[in-house]
Amino acid sequence: MASSSSSLIYMIFFLLCNSCSYFDGARAQIVLPGLSWTYYDVSCPNLESIITEQLKKVFKNDIGQAAGLLRLHFHDCFVQGCDGSVLLDGSASGPGEQAAPPNLSLRAEAFKIINDLRRRVHDKCGRVVSCSDIVALAARDAVYLSGGPNYAVPLGRRDGLTFATVNVTLANLPPPSSNTSALLTSLASKNFTATDVVALSGGHTIGLGHCTSFTGRLYPTQDPTMDKTFANNLKATCPTANSTNTTVLDIRSPDKFDNKYYVDLMNRQGLFTSDQDLYTDPRTRPIVTAFAVNQTLFFDEFVTAMIKMSQLSVLTGSAGEVRANCSVRNSDSLLVSSVGGEGKKALSDF
Ligand code: HEM
């Protein structure tokens with residue numbers, strides 16, 4: 001009796017979890033110690049509206065900037081954690097993360113937008129909000145204001161005092177030539193599941209790619225998993241392997257954050273190998289299909305994965321600092337601006 005009722009419970013659990021084995025987006029989000037949903041409620045109550053209102057203006061003028069800000073958050077978090085290290089200029093110790101090949105195509109404007117938001121926020125609240133939190137909030141607004149899901153961002157990140165070397169940066173950002181096996185392995189090392197990988201790749205529903213990121217699929221031989229008309233159009237945009245042109249990542253709705261990227265993949269119109277192979281590989285194909293037919297499911301899983309990504313190796317408490325200028329560590333800006341030991345001490349104690 002006991003065993004038959006427990007096997008019934010097991011069966012019900014199995015049936016329920018059969019449909020949720022890939023998907024657990026509805027699960028409550030986990031927030032790491034040191035971060036919280038209400039971190040700036042007292043110290044900077046208008047933080048989120050200052051950022052959102054300013055970004056509405058920026059995107060009204062150029063919606064492409066939304067893609068730049070979303071990608072910036074990804075490149076910040078994957079290298080040394082979400083610590084704003086990608087924002088730092090290089091220093092005497094070596095070139096900054098921005099000098100690493102995958103970061104050369106980050107939009108220069110995205111860095112300016114973050115520093116402008118930082119100035120607006122610090123003008124209102126003082127130097128209490130970190131650059132890394134501003135990047136995370138700007139990415140959230142980029143998604144939402146492009147038509148995607150809205151979600152709360154756990155806050156309280158501190159800005160790092162160091163940046164990664166070019167080699168470490170390269171090792172943490174998979175290239176667009178990666179197949180699914182490489183992507184799954186690379187992202188599993190950061191605790192991402194196959195569903196997370198497919199959901200995060202959905203960030204490619206907005207924005208642009210340069211020819212050099214995908215011409216390896218066109219020349220000298222054409223990738224057989226690519227739709228022929230799509231390939232011909234890409235060849236027109238990129239007449240040679242090193243053309244400097246760009247094209248959209250999602251041909252169906254390039255500026256809208258929706259699930260059309262997955263429809264592209266099902267039609268063999270994914271731009272990068274790392275995109276298209278998600279539909280070729282039997283481990284990720286069912287997830288691509290599920291997102292292509294159910295946008296709500298994609299949005300739920302994207303939010304889960306983004307909140308997870310936004311907490312990678314964060315600095316909290318008294319670790320790191322709150323930068324006064326997102327491009328330089330406070331101690332570096334003091335070296336430049338300080339006129340004497342007194343000023344240096346007073347500022348560093350702030
Ligand atoms: C999973 C591995 C990923 C690879 C291999 C990859 C690769 C790339 C490449 C090569 C570009 C185009 C660069 C250029 O040629 O200009 C790009 C653009 C972009 N990526 Fe990814 N990416 C990945 C994950 C992500 C994630 C997780 C997100 C965000 C959630 C993201 C968001 C974007 C956006 C929005 C753009 C367009 C940027 C713009 O228009 O300025 N990517 N990605």
Side-chain angles (χ1 to χ4, degrees), residues 59 62-79 82 86 100-111 113 135-136 138-143 145-149 151 170-190 192-217 234 237-238 241-250 254-258 261 265 270-278 281 284 288 298-299 301-310 312:
F59 298 158
D62 178 6
I63 189 61
Q65 299 305 332
L69 290 169
L70 176 58
R71 187 169 183 232
L72 185 64
H73 182 43
F74 159 53
H75 283 219
D76 183 23
C77 293
F78 264 52
V79 181
C82 314
V86 69
N103 285 338
L104 295 175
S105 53
L106 288 173
R107 297 189 191 216
E109 193 62 26
F111 294 99
I113 294 169
V135 171
R140 185 274 310 275
D141 286 348
V143 169
L145 297 174
S146 306
Y151 58 92
L170 260 174
N172 282 279
L173 292 168
S177 55
S178 311
N179 61 18
T180 299
S181 284
L183 272 196
L184 291 177
T185 307
S186 166
L187 272 73
S189 71
K190 300 191 194 303
F192 289 111
T193 64
T195 301
D196 293 331
V197 172
V198 178
L200 286 175
S201 299
H204 291 171
T205 177
I206 54 173
L208 302 173
H210 287 80
C211 293
T212 47
S213 299
F214 57 86
T215 44
R217 302 183 67 203
L234 291 179
T237 306
C238 312
N242 292 321
S243 310
T244 53
N245 290 337
T246 58
T247 192
V248 296
L249 299 183
D250 167 14
D255 294 332
K256 190 162 191 297
F257 196 102
D258 57 15
Y261 160 84
L265 302 190
L271 193 61
F272 307 136
T273 301
S274 60
D275 296 318
Q276 192 57 53
D277 201 52
L278 295 172
D281 192 301
T284 43
V288 170
F298 163 50
F299 282 5
E301 295 297 338
F302 182 77
V303 167
T304 298
M306 280 295 280
I307 293 178
K308 208 163 151 182
M309 182 178 93
S310 81
L312 283 173

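Counting from 1, the numbers follow the sequence of the chain as shown. Each ligand, and each atom within it, is numbered from 1 in the order the structure gives. Everything numeric in this text was worked out from a predicted model, so none of it was measured.
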### Task
Mind checking the CG-CG spacing from Leu200 to Leu187? Nearest 0.5 Å is all I need.
7.0 Å
### Message
When you compare ligand 1 with Ser274, is there at least one nitrogen or oxygen pair between them that comes in under 3.5 angstrom?
### Response
no
### Task
Any chance you could measure Arg140, atom CZ, to Leu145, atom CG, to the nearest 0.5 Å?
8.5 Å
### Message
Checking a contact table here: which protein heavy atom is nearest atom 29 (C) of ligand 1, and how many Å away?
### Response
Leu70 CG, 3.8 Å
### Message
Below 2.8 Å, which protein N, O or S atoms neighbour atom 21 (Fe) of ligand 1, ignoring water?
### Response
His204 NE2
### Query
Which is closest to atom 5 (C) of ligand 1 by heavy-atom distance: Pro174, Ser213, Ala199?
Pro174
### Task
Enumerate the atoms of ligand 1 whose separation from the nearest heavy atom of Ser105 is less than 4.0 angstrom.
13 (C), 14 (C), 16 (O)
### Query
Can you list the atoms of ligand 1 that are under 4.0 Å from a heavy atom of Pro175?
5 (C)
#### Entry: Closest protein heavy atom (residue, atom, distance) for atom 2 (C) of ligand 1
Leu183 CD2, 3.7 Å
### Enumerated ligand 1 atoms positioned under 4.0 Å from heavy atoms of Ile206
35 (C), 37 (C)
### Aromatic centroids of Phe257 and Phe302 separated by under 6.0 Å
yes
### Summary
The answer for which part of Pro102 has a heavy atom under 4.0 Å from ligand 1 is neither
### Message
Considering Phe214, Phe192, Phe272 one by one, which has a heavy atom nearer to atom 12 (C) of ligand 1 than any of the others?
### Response
Phe272
### Message
Run the side chain to side chain contact (heavy atoms under 4.5 Å, CB included) test on Cys238 and His210 for me, step by step, so that the C-alpha distance in whole Å, both residues' side-chain angles and the decisive distance to 0.1 Å come before the verdict.
### Response
CA-CA 9 Å; Cys238 312; His210 287 80; over 6 Å; no
### side chain to side chain contact (heavy atoms under 4.5 Å, CB included) between Leu312 and Phe192, worked out
CA-CA 11 Å; Leu312 283 173; Phe192 289 111; 4.0 Å; yes
### Query
What atoms of ligand 1 come closer than 4.0 angstrom to any heavy atom of Arg107?
39 (C), 40 (O), 41 (O)
### Message
What verdict does the side chain to side chain contact (heavy atoms under 4.5 Å, CB included) test give for Thr205 and Leu249, after you've listed the backbone C-alpha separation in whole Å, the side-chain angles of each residue and the deciding distance to 0.1 Å?
### Response
CA-CA 6 Å; Thr205 177; Leu249 299 183; over 6 Å; no
### Query
What distance do Asp250 atom CG and Asp275 atom CG have between them, rounded to the nearest 0.5 Å?
10.0 Å
### Task
Around atom 30 (C) of ligand 1, find the nearest protein heavy atom and jot down its residue, atom name and distance.
Leu200 O, 3.7 Å
#### Entry: Derivation and outcome, side-chain hydrogen bond (donor to acceptor under 3.5 Å, both in side chains), residues Asp277 and Thr180
CA-CA 6 Å; Asp277 201 52; Thr180 299; 3.0 Å; yes
### Spacing of CG belonging to Leu183 relative to CG belonging to Leu278, to within rounding of 0.5 Å
6.0 Å
### Side chains of Leu173 and Phe74 in contact at under 4.5 Å (non-hydrogen atoms)
yes
### Query
At what distance is the nearest protein heavy atom to atom 35 (C) of ligand 1, and which residue and atom is it?
Ala67 O, 3.3 Å
### Query
Going by the angle between their ring planes, with limits at 30° and 60°, are Phe214 and Phe272 parallel, tilted or perpendicular?
tilted
### Task
Look at atom 16 (O) of ligand 1 and say which protein heavy atom is nearest, naming residue and atom and giving the distance to 0.1 Å.
His210 ND1, 2.6 Å
#### Entry: Gap separating the NE2 atom of His204 from the CG atom of Leu271, nearest 0.5 angstrom
9.0 Å
